[in-house]
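One structure is given here, and the rest of the page talks about it.
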Amino acid sequence: MSLVIAMDGPSGSGKSSASKGVARALGLRYLDTGAMYRAITWWMLRQGVAVDDAAAVAARAGEPVLESGTDPDAPSIAVDGTDVSAPIRTREVTNAVSAVSAVPEVRARLVALQREIIGTGGIVVEGRDIGTVVAPDAPVKVYLTASEEARAQRRAKDLAADPGASVTVTRTEQARRDRLDSTRTTSPLTRAADATEIDSTELGLDEVIEAVVRLAEERT
Ligand code: DC
């Protein structure tokens with residue numbers, strides 16, 4: 001298998017910017033698995049599926065057709081041919097995604113799709129369970145963290161256009177999402193035993209990218 005870099009960690013740890021930066025620096029593809037969970041959640045909401053009803057979500061999990069573009073300069077996500085890059089970032093989707101992504105049928109479907117996209121490698125994959133479940137043989141595994149405060153600040157900045165997204169609200173919603181993501185039964189967010197932990201609280205984006213590129217160079 002050629003290079004697979006697994007980038008896991010909680011929301012707001014800087015995973016997306018770092019993963020895209022690493023992919024660009026090394027000429028690799030980039031896959032945002034969180035966008036896939038968000039896209040299926042967006043579809044469930046659109047279809048009027050009760051997202052807290054695991055059986056209802058499971059029954060429809062096979063229906064939407066997802067397509068992920070893997071260019072780090074222009075990553076894309078479409079559902080049934082519609083580009084959903086913007087609507088999957090709304091608070092409505094963000095607050096529903098943990099319930100949908102906890103459903104085993106949803107995870108089984110998306111993990112299979114992710115493995116198909118990873119194929120023979122040459123890709124940076126970001127998510128919550130990449131090093132543990134999706135690509136346990138990935139030669140490079142990173143677990144990116146940051147203090148809760150730093151993560152809430154970053155998230156609130158991402159959501160600056162949303163008037164409801166103060167740092168305090170973001171922090172509360174994020175803590176709830178982290179709790180749900182870390183305590184679910186199927187593939188909870190957890191650091192793989194062989195992952196290198198990078199705490200980005202005091203690091204700039206370039207420093208995080210450099211650290212991961214160095215790791216990749218050591219391993220290949
Ligand atoms: O990375 P993100 O915040 O866009 O991810 C959105 C949600 O998707 C996150 O709350 C948990 C879920 N997720 C997951 O369960 N497994 C992944 N590999 C990626 C994301």
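Just so you know, these numbers use all the heavy atoms, side chains as well, and skip hydrogens, waters and symmetry mates. Counting convention: from 1, in listed order, for ligands and their atoms alike. Please read all numbers here as calculations on a predicted model, not as lab measurements. For reference, positions follow the sequence shown, starting with 1.
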Check: Under 3.5 Å between some N or O of ligand 1 and some N or O of Asp32?
Finding: no
Notebook entry, point to check: If you measure every N/O of Arg184 against every N/O of ligand 1, is any gap under 3.5 Å?
Noted result: yes
Item checked: Presence of salt bridge, Arg38 and Asp32, under 4.0 angstrom -> no
Margin query: Between the side chains of Arg24 and Asp73, is the shortest nitrogen-to-carboxylate-oxygen separation below 4.0 Å, so that they form an ion pair?
Written below: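 Salt bridge between Asp73 and Arg24, a charged N being under 4.0 Å from a carboxylate O: yes.
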Next item on the list: Among all protein heavy atoms, pick the one closest to atom 8 (O) of ligand 1 and tell me residue, atom and distance.
Entry: Tyr37 CB, 3.5 Å
Margin query: Counting non-hydrogen protein atoms only, what is the nearest one to atom 20 (C) of ligand 1? Give residue, atom name and distance.
Written below: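 Here the nearest protein heavy atom works out to Gly34 CA, 3.5 Å.
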Notebook entry, point to check: Counting only N and O atoms by type, is there a donor-acceptor contact under 3.5 Å from the side chain of Arg151 to the main-chain atoms of Ser11?
Noted result: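 Yes.
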If you count the atoms of ligand 1 from 1 in the order shown, which ones are under 4.0 Å from a heavy atom of [X]?
X: Val97; answer: 7 (C), 8 (O), 10 (O)
X: Arg128; answer: 1 (O), 2 (P), 3 (O), 5 (O), 9 (C), 10 (O), 13 (N), 14 (C), 16 (N), 17 (C), 18 (N), 19 (C), 20 (C)
X: Asp129; answer: 16 (N), 17 (C), 18 (N)

Quick one: side chains of residues 210-220, donor-acceptor pairs under 3.5 Å with protein atoms, not counting sequence neighbours, listed by atom name and distance.
| from | atom 1 | to | atom 2 | distance (Å) |
| --- | --- | --- | --- | --- |
| Arg219 | NH1 | Pro139 | O | 3.4 |
| Thr220 | OG1 | Ala216 | O | 2.7 |

Note to self: As a quick check of understanding, evaluate side-chain hydrogen bond (donor to acceptor under 3.5 Å, both in side chains) for Arg128 and Thr190, giving each step before the final call.
What the structure shows: CA-CA 7 Å; Arg128 303 288 192 290; Thr190 170; over 6 Å; no
